[in-house]
Amino acid sequence: MIGSDRYPHLFSPLDLGFTTLKNRVIMGSMHTGLEESENGFERMAAYFAERARGGVGMIITGGISPNEEGGFGARLATAAEAAQHRIVTRAVHAADPDVKICLQILHAGPLASTPNSVAPSAVKSRISPVTPTGLDAAGIEKQLADFANCASRARDAGYDGVEIIGSAGYLLSTFLVEKTNRRTDRWGGSYENRMRFPLEVVRRIRAAVGEKFIVIFRIAAMDMLEGGMSRSEVVELGQAVEQAGANIISTHFTWHEAAVPTISTRVPRAAFTGVTGRLRRELNIPTITSNRINMPDVAEAVLARGDADLVSMARPMLADPELVLKALEGREDEINTCIACNQACLDHTFTGREVSCLVNPRACHETLLNYTASDAPRRIAVVGAGPAGLGYATVAAQRGHAVSLFDSADEVGGQFNLAKRVPGKEEFEETLRYYRRMIDVLEIDLQLNTRVTADQLKAGNYDHIVIATGIEPRVPDLEGIDHPMVISYIDAIKGTRDVGKKVAIMGAGGIGFDVAELILHKGTSAAMDREVFAREWGIDFEHHPRGGVTGVVPVVEKADREVFLLQRKSTPVGRGLGKTTGWTHRLSLARRDVKMLNAVEYLRIDDEGLHIAIDGRPQLLPVETVIVCTGQLPLRTLYDQLQDSGLQVSLVGGAYEAAELDAKAAISQASYLAAAV
Ligand code: NAP
Ligand code: SF4
């Protein structure tokens with residue numbers, strides 16, 4: 001196979017003594033919501049089995065609680081629950097007997113979504129509504145027994161091992177730090193005492209499962225918390241965990257309350273693996289590293305420089321279940337790359353919705369959405385090569401339909417071509433690379449620079465026509481909106497119109513935020529450079545003060561501009577942005593001194609600037625440029641012209657629904673329609 005030459009580290013087996021991992025790629029843990037869904041175990045079985053067939057060496061399930069007080073929902077404590085899990089382990093081992101699957105034991109401690117949550121001390125987390133009960137001695141003993149029981153049940157259920165999460169603000173990690181562990185007994189006080197509970201969990205689990213069972217411990221290698229764990233404490237814990245009986249240490253880089261982005265698209269690829277590398281040199285057991293490793297060459301480089309023994313990819317396996325197989329077969333350019341947007345995965349997890357993937361709507365829907373070969377191939381015209389048109393065309397072509405794809409632009413991508421220009425969104429180019437390649441592989445008849453007309457479509461003898469003509473920017477009805485100082489977000493992002501030193505942005509949705517980020521940007525994008533990223537977010541990778549961030553002041557470089565970001569709603573500006581990434585956008589702009597104004601009434605635009613009123617009080621923003629980011633309207637002219645043609649016509653993406661449209665909805669809608677045509 002080509003890949004084993006190109007990625008010698010990635011495809012070398014790892015001998016754990018009693019068992020062998022066939023390669024170095026781990027599908028990392030991700031709570032998908034299937035754990036609690038109807039037919040969830042059958043759906044999880046299909047989801048994991050597809051990734052096993054796709055070539056990963058080992059899979060870690062989403063977090064499962066050992067008891068009621070530690071939970072988000074799903075639990076493994078009884079024989080009946082173990083029987084359900086067997087559906088998953090059987091499917092994975094049937095797909096490939098060499099693939100290992102481990103259960104992640106996640107006791108959420110103070111973050112558990114139950115009024116009965118427990119913790120070392122009754123310290124409420126900033127991000128939880130509940131104050132946990134501080135455990136007494138009997139309570140601690142019960143928790144330890146429950147961990148051991150859960151691991152035994154996992155072994156009975158056919159898992160090859162367990163991963164114990166000892167990071168992120170969940171139970172074990174709250175024992176480790178003084179802020180959340182105020183105890184004065186043998187479980188608190190000195191660091192030795194604070195480590196006692198996590199270590200006892202490892203010992204009890206090892207005693208319960210025997211030697212020939214994989215035990216992974218996930219450690220907060222750099223927790224990104226002001227006053228968090230020091231480097232020497234991390235090393236001491238790692239070595240003690242090794243002594244207590246773990247086979248593998250997995251490194252984690254956050255705590256849910258941390259104010260540093262660690263997984264979003266604005267984080268450089270493999271930004272944190274050097275931290276794992278330093279810890280690895282202090283240990284005798286293999287280490288796993290993770291975070292923003294999304295392509296095989298990135299993973300290979302991490303392994304080659306000795307940063308880790310194994311790489312964990314969680315979201316990239318949602319985006320493309322065959323990532324490893326494609327690397328092995330030299331088809332890397334066919335990988336549907338995770339762009340770290342979080343829009344369909346973690347944003348869903350943290351808002352209680354089932355997970356999927358923006359670029360792959362089949363993720364976690366393997367039993368519901370399938371692209372089976374059509375038994376009646378048809379001739380299909382798709383008009384518009386933005387995310388919706390690309391999604392439709394590729395799925396339809398994959399099913400055997402003959403697809404022609406038209407776009408008036410000279411490149412495919414539609415709005416994605418704007419998104420990829422925004423600093424921190426460079427990854428969006430990967431999706432376009434994927435689609436460009438699939439257009440070739442699937443032999444789609446691509447006709448760029450072609451503004452196809454209704455008459456041409458009528459004459460084209462198509463069985464089906466799909467209108468994916470997208471959107472046009474909404475132009476608000478406002479006096480002075482045609483003033484020369486007013487430009488659209490498209491011109492601002494493309495750089496086709498000049499932007500002055502004083503700027504008002506009308507509209508504070510995703511695009512208003514993106515435009516502000518772009519026009520204030522100076523120098524190298526933090527997403528493309530680890531040093532710039534560290535400087536902007538106040539991380540000291542080299543000296544690793546407590547948490548990696550203690551005492552480090554973020555320094556941002558900004559363009560010489562004054563920017564106002566405005567909305568009419570009275571809600572806080574940016575509230576509608578993604579759950580897991582919105583705070584990074586708000587913080588990034590606040591650090592660049594953007595003035596965010598809500599409850600704004602627009603009055604008029606004239607030579608003096610933008611006149612507004614807030615609470616009825618008029619004021620003038622003396623700006624040189626007004627950038628309009630006030631949403632979109634559907635472009636349906638062609639669709640309307642075809643209405644009386646008698647042809648079968650479908651409408652997808654922004655042309656179907658412009659309000660609240662994003663690529664997630666567009667690709668998903670298009671894929672479901674193309675799966676059914
Ligand atoms: P949007 O999120 O709907 O925001 C439009 C903004 O325009 C709002 O702030 C709205 O706020 C304002 N507005 C609407 N009608 C107006 C009018 N007639 N006059 C003045 N202001 C008006 O749309 P978008 O920013 O164009 O984004 C489009 C889609 O792309 C969205 O679905 C978005 O989620 C997605 N996107 C997401 C991201 C991301 O980071 N996840 C980034 C870019 C785009 P008020 O009505 O309060 O003024
Ligand atoms: Fe990656 Fe975005 Fe898909 Fe999540 S939704 S797996 S971040 S591409």
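Quick caveat: nothing in here was measured; it's all calculated off a predicted structure. Just so you know, these numbers use all the heavy atoms, side chains as well, and skip hydrogens, waters and symmetry mates. As the structure lists them, so they are numbered: ligands from 1, and atoms in each ligand from 1.
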Hey, is there an N, O or S on C341 sitting under 2.8 Å from atom 2 (Fe) of ligand 2? yes

Q. So, is G510 polar-close to ligand 1, with some N/O to N/O distance under 3.5 Å?
A. yes

| said: Evaluate R568 for polar contact with ligand 1, using N/O atom pairs at a separation under 3.5 Å. | reply: yes

Under a 3.5 Å cutoff, is there a donor and acceptor pairing between the side chains of S264 and R292? no

Between Y7 and the options E332, E300, R24, the side chain to side chain donor-acceptor pair (under 3.5 Å) test singles out E332

Do the side-chain N and O atoms of T351 and R353 include a donor-acceptor pair separated by under 3.5 angstrom? yes

Quick note on ligand 2: atoms under 4.0 Å from a heavy atom of A344 include exactly 5 (S)

A student checking ligand 2 against A340 at a 4.0 Å heavy-atom cut-off should list atoms 1 (Fe), 7 (S)

Atom 6 (C) of ligand 1: of G576, A599, G512, C629, the nearest heavy atom sits on C629

Check your understanding: Any N or O of A508 that comes nearer than 3.5 Å to an N or O of ligand 1?
Key -> yes

Item to complete: Anything under 30° is parallel, anything over 60° is perpendicular, the rest tilted; go ahead and classify F272 against F253.
Response: parallel

Note: ligand 2 atoms sitting under 4.0 Å from heavy atoms of N342 are 2 (Fe), 7 (S)

